[in-house]
Amino acid sequence: MSVTKMKAVTIAGQLNEFDSVVEKYVYGRDIHLENAMSILSNHNRLHSFDDSNEYDSVEKNALSILNLANCGINNKLSAPESMTHQQMQKVIDDINAYIENEKKQDEEFTNKIKANEAAVDKMNLMLTVEADISKLTGLEFIKCRFGHIPKTGYKTLVTYLDGLETFFVKTAEDASDVWGFYFAPLLKEKKIEEVFNSLYFEESDIDIGYKGTPYEIKQKLLKENQELKNKIQENSEKTAHMLSSHTDELNGIYNLARKRHQFAQIRRNAARGDMFFYVVGWMEERKAKALENEITASGDVVMFYSEDAENVRNMEPPTKLKNNPVFKPFEMFVKMYGLPSYNEIDPTGILAVTYILFFGIMFGDVGQSLILAIIGFIIYKIKQIDLAGIVGFVGLSGIIFGFIYGSFFGNEEIIPKLLHTTPIRPMEQAIMMLGSTIAVGILIIIFGIVINIINSIKSRNKGEALFGHNGAAGLVFYMSMLFMAANIFFKWGISTMIFVILAVVSIIIMYMSGPLSDLAGGKKHWWPKSGMYFVENFFELFEVILSFFTNTISFLRIGAFAIVHVGMMMVVAILTPEGVSFGSIFVQVIGNAVVMVLEGLIVGIQVLRLEYYEMFSRYFTGRGKAFISLSDK
């Protein structure tokens, strides 16, 4: 439960050997760079390097093209060192231009295919016509229109046709409309058009530039579409072949651009004097030692200096989490809250153990938890999704508590009979369940305060360790209240006044924690100058005291949800028809699925709430700085 031990490192060399030293001892290393200009003291004699970084876009574009070609990165390939940025950019631009031209052609072909498909749909509505469409639309004295009319309007139209100098040729119909042509003399066009419009006739354009019958036109369109699709396929194959032929060159450009990009980042963070340059950063202790040995053995004129993070005053060490495979997925929840500071205890292990424990208590069922565990671990194995790993581990916890409760898909008879055990019944032993979870909550809060005291001591914050409400003073107050309650309940016979005095003294210390912390820190003017400090602190202290009790009571939800789980499964049992039938199996399957999804989600959120509000708030700041390795950039 600790972060990776770090060393502050400084690498210095002759200015004219910057590239060679950086390539040999810095490039590709697992090092977190710091801005040397802001760290080193003699700023007036040091200067920054050029801040330009023109290789970033080349690196990203080369990677994008390689991904487009579905090609992996070959780190062994590299373009010649003599290759300039302009030459790299020209290769990238030429390939992008080819891809863009192919994409433009494909878009044109695709749009033409869509237009042809729309025309085919239209031809399908007039396949019964055996005349040349171009001749119908090109009549000199007769206007031909194609469209559709509602069936109700068509019935009315039939009655009008005898009195109109027009006729309607039906070609197709669907559930609501009739499709066809109507022909009208040009001299009567306006009048006839008004009649058709009054019957909600909607014209559909048939000027598609093709000659022949609708069937012939359809066949031409389908043939043209196939030719266009073949051209798209040919373009795709040509592009794939082009990309394949440039794979090695792109890999070389990518690796060289990435190298020069990293060099630019190192240069931007480094400082230089008249003769020497300086690179400052952080490395894992073992890797820093290995690099020091490598530099020493080389005989190069390179200075390497390292110092323990605890002794560094002008730099904040970055945090690199280090957890075993069981705890690793739970780092996701920790990072959602924030990274631990370097001097803080990594809370991942604490969160993992308590999260798994609490979830199991609240969701104890062998059958349902087994399904969660199987699904979670399968997804975690295939996709490496942290949340799936968490689901798998809490599923195992649910199985264990399922055996303790004797519950298998809500049935509480099968397991006790098979194992000959007497299970704990959350519904029947509710007082015991709630009391036990309160006791767990008390232990967790005490543990959290102790962790905070340790963190405060490690970060040299004596005031918080001694006088804070999550420090020694808060611990004394909480313990005195607990022992006073136990003394009254169990009648130990100890004078209550002892606990009252301890509680009052600890309250006064917490009330004056600010001034006392300043006094412990050696400040001369430690007494508050403003009277508002005492007013504000009074209300803050009231909230703090109240939080001790509300946080403790909050752990009741662990036992409460264990009882709720039993209650929900009882509802499923009541709704299930008696006997073995399709209906009873269906209700059981759906009921268990609903409980698993709904309660699993709620329990997961409630446990996370306990972690954040009742636990993390006492001992975890989450203000750490992430370790960003140069090798990952």
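FYI, the numbering just counts along the sequence from 1.
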Review point. Between F363, F616, F333, which is the residue that forms a ring-ring contact (aromatic ring centres under 6.0 Å, His included) with Y355?
Key: F333
Practice item. Please check if any side-chain donor atom of E464 sits under 3.5 Å from a side-chain acceptor atom of N452, or the reverse. Key: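 Yes, because at least one side-chain N or O of E464 sits under 3.5 Å from a partner of the opposite role on N452.
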Practice item. Go through the side-chain N and O atoms of N343 and S341 and say whether any donor and acceptor fall under 3.5 Å apart. Key: no
Study note, to complete from the structure: Closest non-hydrogen contact found for L40 with A271 is CD1-CB, 4.5 Å
Review point. Shortest non-hydrogen contact from F18 to A270?
Key: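 Minimum heavy-atom separation between F18 and A270: CE1-CB, 4.3 Å.
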Check your understanding: Looking at the rings of Y25 and F304, which for Trp means the six-membered one, are their centres under 6.0 Å apart?
Key -> no
Point to revise | Test item: H32 side-chain N/O and I628 main-chain N/O as donor-acceptor pair under 3.5 Å | key: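 Such a contact is found between H32 side chain and I628 backbone.
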Check your understanding: Are E292 and K7 within salt-bridge range, i.e. N to O under 4.0 Å?
Key ->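 Looking at K7 together with E292, the answer is no, because their closest N to O distance does not fall below 4.0 Å.
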Check your understanding: Quick one: do R267 and D19 make a salt bridge, cutoff under 4.0 Å?
Key -> yes
Point to revise | R618 to F548, cation-pi by 6.0 Å centre distance and 45° axis angle | key: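 Yes - R618 lies over the ring of F548, closer than 6.0 Å to its centre and within 45° of its axis.
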Review point. Considering residues, nucleotides and ligands other than L443, do more than 12 of their heavy atoms fall under 6.0 Å from its CG?
Key: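 Atom CG in L443 is crowded, with more than 12 foreign heavy atoms closer than 6.0 Å.
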Point to revise | Residues in side-chain hydrogen bond (donor to acceptor under 3.5 Å, both in side chains) contact with E284, at least two apart in sequence or another chain | key: K320
